[in-house]
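Just so it is clear, the model here is predicted, and its values are computed rather than measured. Residue numbers run from 1 in the order of the sequence given. Start at 1 and go down the list; that is how both ligands and their atoms are numbered.
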Amino acid sequence: MPFVPDTDTRRVALVTGAARGIGRAVATALARDGFAVVVNCSGEKSLPAAQEFADELAETYGVPAAACAADVSDADAVDTLFAFVADTYGRLDVLVNNAGITRDGSLLRMSEDDFDRVIAVNLKSAFLTSRRAAKIMMKQRWGRIINMASIVGVVGNAGQANYAASKAGIIGLTKTIAREFGARHITANAIAPGFIATDMTAELPEKMLAGMNDRIALKRMGKPEEVAELAAFLASDRAAYITGQVIGIDGGMSL
Ligand code: NAP
């Protein structure tokens, strides 16, 4: 159920893939910081959970919060999502492109479908949402676009050609947005998490998980909430002079 913003000036944040994992933690941190939040999920199946989460945010933090199902790799669905944001809040200040999937496999065995799907969900989605968001933010002369990349997009990873390419693409997209819209006080930054405890990493085979902590300077996986604090900072006025950056948050994994 859409909420009416309680002030004309309350900033509005849209977080894609926000019903669980890192996106959920980001939406929570932004609600805590006073943003009205739109919780996006991938489809009707996850909408009840997204709706319940939005209601929980509204109740806990006293901010307007609403949920909208949309497969962000689909241009028509993104149009629907932005129509929802416009109808519900009439503005958009922060876009967090967080939705992402993996379909891992060695390059030699990777199907074209697995390559295309990961690029569509992880990269094309951010193109579709950012061009809609930038239009709104340009008029408002303020905006924050925060893209969830990965350390894998910087250093590559065996078995993740599609995923690494999508995350490297996100980095190029982020830097370009930063250059194109900087004059309008719109910043764009990429967050590059290492190994964070979510459903995505819980799916990894035992073989990959074994010895992972040894490769991390801090000797543990990260928490979604730790990534969320970086996103909340980038969304704030405190980060006004940071743009076009790729900020690693990986416990020293990439050292
Ligand atoms: P997760 O727990 O698997 O959650 C993925 C989220 O993406 C879910 O909310 C899911 O929505 C959403 N999603 C998937 N396909 C979508 C689509 N087509 N349209 C809209 N939403 C979609 O993953 P996570 O670990 O939180 O990852 C979040 C982001 O961080 C991803 O971009 C991931 O690549 C990145 N990242 C994660 C790690 C890590 O170690 N976990 C490291 C580096 C980067 P539903 O609930 O509807 O399925």
Side-chain angles (χ1 to χ4, degrees), residues 14-29 37-54 67-82 84 95-104 116-129 146-157 160 162-171 173-174 190-204 208-209 212-213 215-216 220-228 230-231 246-251 253-254:
L14 164 62
V15 185
T16 69
R20 55 195 175 92
I22 294 171
R24 186 184 182 96
V26 170
T28 303
V37 178
V38 178
V39 173
N40 159 255
C41 63
S42 65
E44 292 302 321
K45 207 174 136 197
S46 35
L47 187 56
Q51 186 61 65
E52 195 178 317
F53 174 49
C68 182
D71 173 352
V72 287
S73 68
D74 180 292
D76 292 340
V78 168
D79 285 349
T80 305
L81 174 61
F82 275 78
F84 178 85
L95 167 67
V96 183
N97 285 309
N98 166 81
I101 58 166
T102 52
R103 284 199 185 174
D104 297 348
D116 287 347
R117 188 64 192 149
V118 169
I119 296 291
V121 174
N122 295 9
L123 177 58
K124 185 182 162 194
S125 61
F127 158 71
L128 293 172
T129 55
I146 300 165
N147 293 327
M148 212 51 77
S150 166
I151 213 67
V152 159
V154 181
V155 301
N157 196 24
Q160 290 197 306
N162 48 2
Y163 185 80
S166 73
K167 296 302 185 180
I170 275 280
I171 290 170
L173 177 68
T174 305
I191 294 178
F195 199 52
I196 312 300
T198 65
D199 294 346
M200 184 178 277
T201 42
E203 278 172 11
L204 288 173
M208 257 177 107
L209 291 171
M212 189 65 86
N213 286 353
R215 293 170 43 203
I216 303 171
R220 64 170 177 87
M221 292 173 82
K223 299 176 193 151
E225 294 74 21
E226 291 171 315
V227 179
L230 176 55
V246 183
I247 304 174
I249 177 157
D250 65 358
M253 190 178 176
S254 58

Out of V39, I196, L81, whose heavy atom is nearest to atom 39 (C) of ligand 1?
-> I196

Considering only the protein, which heavy-atom contact is closest to atom 29 (C) of ligand 1, and what is its distance?
-> N98 O, 3.0 Å

Residues that N162 engages under side-chain contact (heavy atoms from CB on, under 4.5 Å), provided they are two or more places apart = R103, M110, D114, F115, V118

Would you mind running through ligand 1 and noting each atom that sits below 4.0 Å from a heavy atom of I101?
-> 14 (C), 15 (N)

Judging by distance only, is a nitrogen or oxygen of T201 under 3.5 angstrom from one on ligand 1?
-> no

Just go through A149, A99, C68 and tell me whose heavy atom is the nearest to atom 21 (N) of ligand 1.
-> A99

Which pairs pass salt bridge (Lys or Arg N to Asp or Glu O under 4.0 Å) with one or both residues in residues 192-204, sequence neighbours excluded?
-> R20-D199

Residue and atom name of the nearest protein heavy atom (relative to atom 24 (P) of ligand 1), distance in Å to one decimal = T198 OG1, 3.6 Å

of all protein heavy atoms, closest to atom 9 (O) of ligand 1 is G17 O, 3.1 Å

Measure the distances from the heavy atoms of A70 to every atom of ligand 1 and state whether one is below 4.0 angstrom.
-> yes

Criterion salt bridge (Lys or Arg N to Asp or Glu O under 4.0 Å) on D71 and R117, from CA distance to verdict = CA-CA 12 Å; D71 173 352; R117 188 64 192 149; 3.2 Å; yes

Options F53, F195, Y163, ranked by nearest heavy atom to atom 36 (N) of ligand 1, top entry = Y163

Note: ligand 1 atoms sitting under 4.0 Å from heavy atoms of K167 are 31 (C), 32 (O), 33 (C), 34 (O)

May I ask whether N40 has any heavy atom positioned less than 4.0 angstrom from an atom of ligand 1?
-> yes

So is G194 close enough to ligand 1, meaning a heavy atom under 4.0 angstrom away?
-> yes

Output yes when E225 and R24 qualify as a salt bridge under the 4.0 Å nitrogen-oxygen rule, no when they do not.
-> no

